[in-house]
Amino acid sequence: MKDLPARRLLLVHAHPDDESINNGATMARYAAEGAHVTLVTCTLGEEGEVIPPALAHLAADRDDTLGPHRVGELAAAMKELGVTDHRFLGGPGRFRDSGMMGTEQNERPGAFWSTPVDEAAAPLVEIIREIRPQILVTYDPDGGYGHPDHIQAHRVATRATELAADPAYGTGAPHTIAKVYWNRAERSVVEEAFAHLRTTAPDAFPGIAAVDDVPGVVDGDEITAEIDGSAYAGAKTAAMRAHATQIAVADEGPFFALSNDLGQPLLTTECYQLVRGVSGAGAGAREDDLFAGVTEAKTATAPEAGAGTDAVRGPASGSASGAGPDSVSGPASASGAGA
Ligand SMILES: [Zn+2]
């Protein structure tokens, strides 16, 4: 049995690059602080558009090798963030990128969007029971901006959270995740950052995006936690640059564009909305630590095989023996109450 760090954070994302854009600074911070950070990416992002002309041949309508290429981009990004536990849901390539809403790729066999939620949740339950995270970060029910894979990632993460806690489900000791957060961005902060982009680097990209193009934008009163990632801005920026087929980072400042060539701010203060569990901050105050209020006195035990650092290892090998009787002596009971 191998000990995991006392604090364990799980993030569930749709495609390689989403984690760096949404949570890069948060991931870098907790990795640097010695927490166990686990990223689960649901698809390889095979249907993404490719920005660099020299790599255009990777695209789904040409060589269709973008997925494997993005496995490498994600590994490079995780290196920048200091995150060693990153996995693809069900193993790399198990679920395919579903493309934008309304496209024929949505219904293609094996597409993440067309997979029943419980089927896709099963391998995530195994990971949850292996890692026993106190914190889960994922998208809101709209996936932040309506992409089918992001919506499905929300559904799968939410369902897996329920099933992992259910003693009657599957094998392995049940685990209750103490706190669940949705990714958010604060409207007033985003507006200000767009104004900064317009005045300091108006020509960095062919166009400029709109505030509502930023996933998860909400008014400030919906935000319950704010991670000041300014110390990790460099790591986040480097991680985003590693996703070179998907992201163009400006040289002029904290700005980037996706394949639509529309500039938007690169935010290093990352915001969250607590949707399950008890806030560790006072009434009306924002948490500055996702683990606030979570008991962390005990160290988890997990099987040796489960704590590897293999970039493309699926969860099956790690979780097959993941639930010996000892698992129940882990921190779940201590942290399950949330505060
Ligand atoms: Zn995405």
Side-chain angles (χ1 to χ4, degrees), residues 10-27 39-51 58-60 66-78 81 83 86-90 92-103 105-106 108 110-115 117 120 124 136-158 181-185 190 209 212-217 236 239-249 256-262 264-267 270-272:
L10 171 65
L11 304 103
V12 177
H13 276 292
H15 312 110
D17 80 354
D18 293 317
E19 78 299 323
S20 296
I21 296 169
N22 285 281
N23 313 110
T26 302
M27 294 170 74
L39 169 67
V40 174
T41 308
C42 297
T43 77
L44 303 186
E46 295 94 332
E47 298 293 328
E49 290 178 37
V50 176
I51 295 176
L58 299 173
L66 182 58
H69 184 86
R70 293 183 72 176
V71 171
E73 290 184 340
L74 181 59
M78 292 305 95
L81 300 180
V83 171
H86 50 109
R87 314 165 184 216
F88 289 97
L89 185 66
R94 165 88 180 268
F95 303 111
R96 182 165 171 121
D97 187 330
S98 313
M100 300 302 281
M101 190 62 92
T103 61
Q105 287 93 327
N106 294 175
R108 168 184 187 144
F112 190 46
W113 177 244
S114 63
T115 302
V117 170
L124 187 57
L136 168 72
V137 170
T138 191
Y139 312 110
D140 67 25
D142 186 44
Y145 73 109
H147 189 294
D149 289 327
H150 287 239
I151 295 171
Q152 183 79 333
H154 161 84
R155 292 176 179 170
V156 167
T158 304
Y181 291 93
W182 292 343
N183 289 305
R184 289 301 189 201
V190 172
D212 285 310
D213 293 335
V214 176
V217 167
K236 174 168 181 167
M240 288 176 63
R241 281 190 202 280
H243 292 288
T245 62
Q246 305 301 307
I247 301 174
V249 178
F256 72 99
L258 302 173
S259 60
N260 60 11
D261 280 340
L262 300 177
Q264 56 178 297
L266 192 164
L267 303 167
E270 295 172 342
C271 292
Y272 300 91

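Every number for a ligand or one of its atoms is a count from 1 in the order of the listing.
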query: Going by the angle between their ring planes, with limits at 30° and 60°, are Phe95 and Phe112 parallel, tilted or perpendicular?
result: tilted

Residue set satisfying side-chain hydrogen bond (donor to acceptor under 3.5 Å, both in side chains) with Thr43, at least two apart, ordered chain then number -> none

Contacts of His69 meeting side-chain hydrogen bond (donor to acceptor under 3.5 Å, both in side chains) (sequence neighbours excluded), chain-then-number -> Glu73

Side chains of Val40 and Leu10: does their closest heavy-atom pair fall under 4.5 Å?
-> yes

Discussion item. Please determine whether ring-ring contact (aromatic ring centres under 6.0 Å, His included) holds for the pair His150 and His13, giving the CA-CA distance in whole Å, both sets of side-chain angles, and the decisive distance to 0.1 Å.
Written reply: CA-CA 7 Å; His150 287 239; His13 276 292; 7.4 Å; no

By side-chain contact (heavy atoms from CB on, under 4.5 Å), Asp213 pairs with (sequence neighbours left out) Ala209, Ala210

Protein N/O/S atoms closer than 2.8 Å to the Zn ion (ligand 1), ordered by chain and number, come to His15 ND1, Asp18 OD1, Asp18 OD2, His150 NE2

